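Accompanying notes for the structure given below.
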Amino acid sequence: MLDHVSIAIGVLDRSAPFYDAVMPLLDMPCVWREESAIGYGPREAAGYLTIRAGTAPAGAGCHWAFRAPDRAAVRAFHAAGLAAGGQDDGAPGLRPHYHAHYYAAFLRDPAGNRIEAVCHRAEA
């Protein structure tokens, strides 16, 4: 549904290590870097992400959910995000109130945005 997303993250140097750690685990490598923004995933592909220096949302921030290729990637995303300065906002696990195979983890990035990795497939 979405072609691309830009997330305001406050100071780029503060949040870049978090995104550099978690996005490759979701098959979205860093593909370009400028003084005020970083891009993940090829621009010609749906789901392209840009993080930009700028005013981060106040309060609870925004919620961004990224599809993970499998449950192992969800777990790796959560561990890498914590190690790179993110804060736990929901450990990896099933969320059956969404559907039987909804497996997700939630983190807060250093700017306060809620970042989710989700896999909709049954355990292999």
Side-chain angles (χ1 to χ4, degrees):
M1 181 161 75
L2 297 176
D3 182 80
H4 64 278
V5 171
S6 292
I7 300 177
I9 46 79
V11 179
L12 190 64
D13 290 344
R14 184 170 164 234
S15 292
F18 172 85
Y19 286 93
D20 285 342
V22 301
M23 297 315 292
L25 299 169
L26 304 177
D27 295 331
M28 294 181 67
C30 178
V31 294
W32 62 270
R33 199 174 288 265
E34 296 175 358
E35 185 176 316
S36 63
I38 301 172
Y40 299 90
R43 290 183 182 190
E44 63 276 2
Y48 180 79
L49 170 68
T50 301
I51 61 169
R52 297 193 176 281
T55 304
C62 294
H63 175 202
W64 303 97
F66 296 98
R67 189 160 293 182
D70 53 38
R71 292 179 182 193
V74 171
R75 292 187 292 273
F77 156 90
H78 190 260
L82 290 174
Q87 297 204 346
D88 178 48
D89 204 30
L94 286 170
R95 303 317 198 263
H97 53 285
Y98 296 129
H99 67 71
H101 304 297
Y102 196 106
Y103 189 89
F106 301 86
L107 294 164
R108 291 284 175 173
D109 74 7
N113 292 294
R114 190 170 197 230
I115 309 299
E116 173 184 357
V118 59
C119 177
H120 295 281
R121 297 185 308 189
E123 185 91 72

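Quick note: numbers below take in every heavy atom, side chains included, and nothing from hydrogens, waters or symmetry partners. Positions are given from 1, in the same order as the sequence printed here. For clarity, every value in this text was computed on a predicted model and none was experimentally measured.
Residue pairs meeting the side chain to side chain donor-acceptor pair (under 3.5 Å) criterion with at least one member in residues 55-64, sequence neighbours excluded: His63-Glu116. Each side chain to side chain donor-acceptor pair (under 3.5 Å) pair with one or both residues in residues 76-86, not counting sequence neighbours, appears once here: His78-Asp88.
When atom types are taken as modelled, the side chain of Arg14 and the backbone of Pro110 share a donor-acceptor pair closer than 3.5 angstrom. When atom types are taken as modelled, the side chain of Arg114 and the backbone of Gly112 share no donor-acceptor pair closer than 3.5 angstrom.
Around atom CD of Gln87, no more than 12 heavy atoms belonging to other residues, nucleotides or ligands sit under 6.0 Å away. At most 12 non-hydrogen atoms from other residues, nucleotides or ligands lie less than 6.0 angstrom from CZ of Arg67.
Separating the SG atom in Cys62 from the CD1 atom in Ile7 is a distance of 8.0 Å, to the nearest 0.5 Å. One finds the CZ atom of Arg75 at 8.0 Å from the CG atom of Asp70 (value rounded to the nearest 0.5 Å). The OH atom of Tyr103 sits 15.5 Å away from the OH atom of Tyr98 when rounded to the nearest 0.5 Å. One distance of note links CD1 of Ile115 with CE of Met23; it measures 8.0 Å at 0.5 Å rounding.
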List, one per line, each side-chain donor-acceptor pair under 3.5 Å for residues 117-124, sequence neighbours excluded.
residue, atom, partner, partner atom, Å
His120, ND1, His99, NE2, 2.9
Arg121, NH2, Pro69, O, 2.0

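A side-chain contact (heavy atoms from CB on, under 4.5 Å) with Tyr19 is found for one member of Leu12, Asp109, Ile38 and no other, namely Asp109.
Across all their heavy atoms, Ala68 and Val74 have their closest contact at CB-CG2, 3.6 Å. Smallest separation of non-hydrogen atoms from Leu94 and His101: CD2-C, 4.1 Å. Nearest heavy atom pair, residue Ala111 against residue Ser15, reads N-OG, 3.8 Å. When all heavy atoms of Arg95 and Gly90 are compared, the pair lying nearest together is NH2-C, 3.6 Å.
Cluster membership for Ile51 and Met28, using ILVMFWY side-chain heavy atoms within less than 4.5 angstrom, is shared. The cluster map of Ile, Leu, Val, Met, Phe, Trp and Tyr, joined by side-chain heavy atoms under 4.5 Å apart, puts Tyr102 and Leu26 in different clusters.
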Would Phe18 and Leu107 count as a side-chain contact (heavy atoms from CB on, under 4.5 Å) if you check the C-alpha gap in whole Å, the side-chain angles of each, and the deciding distance to 0.1 Å?
-> CA-CA 10 Å; Phe18 172 85; Leu107 294 164; 3.9 Å; yes
